[in-house]
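Everything on this sheet refers to the single structure shown next.
A, B, ... follow the sequence lines: proteins, then strands. Residue 1 opens every chain.
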Amino acid sequence: MIEMWSIEKIEDFRRTLLAWYDEEGRASLPWRKNQDPYRVWVSEIMLQQTQVNTVIPYFKRFMTLFPTITALADAEEQTLLKAWEGLGYYSRVRNMQKAAQQVVEDYQGVWPTTFEGLKKLTGIGPYTAAAIASIAFKEPVAAIDGNAYRVLGRLFKIEDDIRQTKTWQKYFAIGNQLIDPKRPGDFNQAIMDLGSSYMTAKNYDTAHNPIKEFIASYEDGTEDLYPVKSPLAKPKQVSYVGIAVVGPDGYLWEQRPATGLLANFWLMPLYAITDFESDPDAEWTRAEIIQATETRLLADYGVTVSLKALGGRPVTHVYSHLKWTVTILTGEITETMPLKRGVWRQRDVLNDDPQPKVQEKIWQRLNSLQG
DNA sequence: CACACGTGGTT
DNA sequence: TAACCAAGTGT
């Protein structure tokens, strides 16, 4: 059981933390220019599982493309995905548009102003709801993100595993005790700034930490133990063939299904190697794979083409839960064929379509190995 | 509740 | 290099 501080100690902590934040907080971050809920919301969604330096250029571009919640609600999905291309976790932006439409249509364009109200919007969970409620609407509610887990975990030597959903309750309760009711938004942001400077996961610098005197795990040199976080499973290995077929009208090109990984993004046709045979342990020779791919290309796309393997190692790409290995097969046709599936797309207009990183790697491999 | 869901940076 | 980390949410 965690022993909570006295009210005097809590107030001392708030003063110390906010004094540091006023001096050394990252006030220049573009989303801190004002406390407009739309602005705060866009930044908080982008920052989910994503580092500040990555987000900055995306945030600026996004606010130019979609300056208001109405502009976001009315945007074409492909435009949205293109604006998000490279940031990852693409359901974030789809959910954001749903929430924008909810606010515009169900709330007459007026934001819910409370933690509980904000949580009802698609894509806004307890963290984001607390961030917006505290920053834009001054509600004293703790925003528990990875930074808060590190800071609070080390401050109080919390033994619960932060991977477990129920642990959030404990952190939330402690955060709500600590948060400064006069400056809730600044308090939450100060915790985040602290968590990404003096209290990082590795190479933290407690010697210069402005709140070091409050850190229980610093007293006995056990900071390394907190927060308690069980290891994640290794990504599962999956092998594909990727098919680069060029004809007079460009490359064979296809949009992914509307749900699941990389939903609605554009990619060359891919076949999982195990799709050829139900036996996942089957060892396929290169000739067999090529022939099977040609057969399936005809059946699925209506394309008759002779394929050959591109030299070099396969393209690999690691996701949170998967590791893709893509062997590239190439083929050329001299006359355009009508397609059962997919489209022909010229190389110079391909980049108008949102594409995932793995497709970029495939382009790079094609460019380097065949000019 | 466990797992799906991206990408870039660090060690 | 493999492993881990970075302002989480939906199902």
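Atoms NZ (A:Lys120) and P (C:dG10) sit 13 Å apart, rounded to a whole Å. Atom CZ of A:Arg163 is separated from atom C1' of C:dG8 by 12 Å (rounded to the nearest Å). Computed from coordinates, the A:Ile162 CD1 to C:dG8 P distance equals 10 Å when rounded to whole Å.
The nearest heavy atom of DNA chain C to A:Pro231 and to A:Thr122 marks one nucleotide each, and the one closer to the 5' end goes with A:Pro231. Both A:Gln189 and A:Ile124 sit near DNA chain C, but only A:Gln189 has its closest nucleotide nearer the 5' end.
With both ends at atom P, the span from C:dA6 to B:dC5 equals 23 Å, rounded to whole Å. Look at the P atom in both B:dC3 and C:dC4: the space between them is 16 Å, to the nearest Å. For the P atom pair drawn from B:dG6 and C:dT11, the interatomic distance equals 14 Å after rounding to whole Å.
Open room surrounds CG on A:Asn53; 12 or fewer heavy atoms of other groups in view lie less than 6.0 Å from it. For NZ of A:Lys138, the number of neighbouring non-hydrogen atoms (other residues, nucleotides, ligands) closer than 6.0 Å is 12 at most.
Here chain A contacts DNA chain B (any atom closer than 4.0 Å to a heavy atom, that is under 4.0 Å), and the contacts span B:dC1 to B:dT11 from 5' to 3'.
Residues of residues 43-79 of chain A having a heavy atom closer than 4.0 Å to DNA chain C, listed by number: A:Glu44, A:Leu47, A:Gln48, A:Gln49, A:Gln51, A:Val52.
A close approach under 4.0 Å does occur between a side-chain nitrogen or oxygen of A:Arg150 and OP1 or OP2 of C:dA6.
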